[in-house]
Amino acid sequence: MLEKYAEVAGHDVVEHLRQLAEPLKGLRLVHINSTKSGGGVAEILYKMVPLMRELGIDAQWEIITGEPLFYECTKGFHNAIQGNPVNLTDSQLRSYEQTNRDYAQTGEAILRDADVVIIHDPQPAALISSFQERKGKWVWRCHIDASRPFRPIWRYLRDFVSQYDASVFSIAPFSQRLPHPVYLIAPSIDPLHEKNIDLPIEEIEGIYSRFDIDPERPMILQVSRFDRFKDPVGVIHTYRLVKRFIPHVQLVLAGGGASDDPEGEAVLQEVRTSASEDPDIHILLLPGDAHRTINVLQRASDIVLQKSLREGFGLTVTEAMWKNKPVIGGDTGGIRLQVVNHHTGFLANTPEGAALRTRYLLSNPEIMEEMGNKAKAFVRENFLVTRHLREYLTLVYALLNENQERIQLGG
Ligand code: UDP
């Protein structure tokens, strides 16, 4: 599998991973989260764990599961960490602690002997209380935006988190002050995922007839859940401003089916109202596994917008940049980390700004191509799963050599 990554990420990158992993061969590393499928964490571990194993690390992936009360509680934690005021009952908190204690017993043999334990998100965070006498280093890996947590709940969770040897957040603004080393590791995309692999040109061209898009006219795309923070109505506004100057432009808004999400449904209605009957606005409701369709749309489009008003990281930005698209993104959160203004894309604060940049790129195809190439190179360098893996390996070094001034690798 690593060889396949060498082809896309570079042989030097994979060689570097092998060198870094060499002294870690046989190291027992356990990841724990609360689901094997669904959600970004599972998606990352699904690739990360086999890659670690291929590098000779004895990596395992374990799951904590519980009764409905446990999930009610951890969902509450999730919302509270992201800033919502949440009230949790004593019985919910007791269920959380008891589920963690029970799991500590089941997993005792694996966890007691592990050299490194990486606990993902709040669900298994309380496990640490059952391992006061532990052999390995324990890390809490937070995948969510903890920049402004709801204080009462954060105080409760912080008592567990503080017991870890280190914690990891995705980007600096999401992190919290803690009494141990705090590391930053950004998310990544998998270049070998169906959503990101190269596609035959016929498949890309097939999208036009499938969705009734005119191949001869410029196409603007935003791929997003129908969520106000993604500002789909702002995207329509942007498109209309562009259309005043470039009348043949078309817009595609691709998002998931919103039937199970009452707010999603409401936002979708707002989008439909705003689009009115404009035949050049295509609102596509895609099923959750339409990875290949998203890949095709991103490749077929001329301009990719991600006009979010707030954004965690914005994997859609990374995905589009990987396809040589300079993204015009909202000036917020993780988009700022990816879109280097005027180099790999443009940051915009208003529909007017986004429209100006869209017109500029559509009128300057050579610049668009140059920026698109830079965007791809930037993702290759910074946001592929291989970089993510390298940072996990480096984190392991840092944990195991905490008190050393210098770490000697190899030789
Ligand atoms: N996505 C999808 N179908 C959709 C909308 C989004 O598969 O209808 C994917 C998208 O390609 C990306 C992820 O879901 O991989 C969204 O991640 P991002 O970080 O952009 O935003 P989030 O939805 O997590 O806020």
Side-chain angles (χ1 to χ4, degrees), residues 35 37-47 78-79 81-84 120-121 142-147 169-171 173-174 185-197 199 207 210-211 221-232 234-235 251-261 263-265 267-268 271 282-301 304-323 325 327-330 332-339 345 375 379 382-385 388:
T35 172
S37 65
V41 181
E43 198 148 304
I44 288 168
L45 292 179
Y46 183 74
K47 262 296 148 59
H78 184 99
N79 291 337
I81 288 180
Q82 306 230 71
N84 289 358
H120 296 265
D121 286 336
C142 179
H143 294 268
I144 48 190
D145 177 353
S147 51
F169 293 87
S170 290
I171 62 172
F174 291 3
I185 300 185
S188 61
I189 58 162
D190 177 4
L192 301 185
H193 191 287
E194 246 199 325
K195 190 174 278 173
N196 297 311
I197 48 168
L199 295 173
I207 204 79
R210 188 168 151 206
F211 293 120
L221 170 74
Q222 176 158 302
V223 176
S224 279
R225 292 178 293 107
F226 289 98
D227 179 318
R228 289 197 184 89
F229 285 127
K230 308 283 184 184
D231 200 18
V235 171
L251 172 67
V252 176
L253 284 166
S259 55
D260 60 339
D261 173 358
E263 204 168 276
E265 192 61 52
V267 177
L268 181 57
V271 169
H282 302 263
I283 299 168
L284 310 182
L285 290 186
L286 303 175
D289 59 354
H291 305 307
R292 227 172 154 100
T293 305
I294 290 177
N295 188 344
V296 174
L297 284 168
Q298 287 166 332
R299 288 181 192 278
S301 62
V304 175
L305 294 184
Q306 189 55 58
K307 228 203 91 19
S308 306
L309 303 171
R310 259 185 84 179
E311 188 60 77
F313 184 69
L315 283 172
T316 48
V317 173
T318 336
E319 290 160 8
M321 287 171 67
W322 180 242
K323 291 151 194 141
K325 306 293 166 181
V327 173
I328 300 173
T332 180
I335 298 179
R336 288 190 183 139
L337 215 63
Q338 305 186 66
V339 174
V379 172
N382 297 291
F383 302 118
L384 294 185
V385 64
H388 207 161

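Counting starts at 1 for both ligands and their atoms, in listed order.
- Heavy-atom distances between Leu286 and ligand 1 stay at or above 4.0 Å for every pair.
- Side-chain contact of Gln306 with Thr316: a donor-acceptor pair under 3.5 Å is present, judged by distance alone.
- Heavy atoms of other residues, nucleotides or ligands lying less than 6.0 angstrom from CZ of Phe211 number more than 12.
- Below 3.5 Å of separation, one finds an N or O of Glu319 facing an N or O of ligand 1.
- The Lys230 neighbourhood of ligand 1 comprises atoms 21 (O), 22 (P), 23 (O), 25 (O), with distances under 4.0 Å to a heavy atom of that residue.
- Taking each of Val317, Leu315, Val223, Leu297 in turn, the one with a heavy atom nearest to atom 19 (O) of ligand 1 proves to be Leu315.
- Ligand 1 places these atoms under 4.0 Å from at least one heavy atom of Gly255: 8 (O).
- Using a non-hydrogen distance threshold of 4.0 Å, Gly314 registers as a contact of ligand 1.
- How far CD1 of Ile197 is from CG of Leu192: 8.5 Å, rounded to the nearest 0.5 Å.
- For the pair Val304 and Ile328, the minimum side-chain heavy-atom distance is 4.5 Å or more.
- Here atom 14 (O) of ligand 1 lies nearest to Lys195 when heavy atoms of Lys195, Arg225, Glu311, Arg310 are compared.
- At a threshold of 4.0 Å, the pair Asp145-Arg310 counts as salt-bridged, since one of the basic side-chain nitrogens sits closer than that to a carboxylate oxygen.
- Side-chain contact between Phe313 and Thr318 is present, with at least one heavy-atom pair separated by less than 4.5 Å.
- For atom 16 (C) of ligand 1, the candidate residues are Asp227, Asn295, Thr316, Leu284; the nearest heavy-atom contact is made by Thr316.
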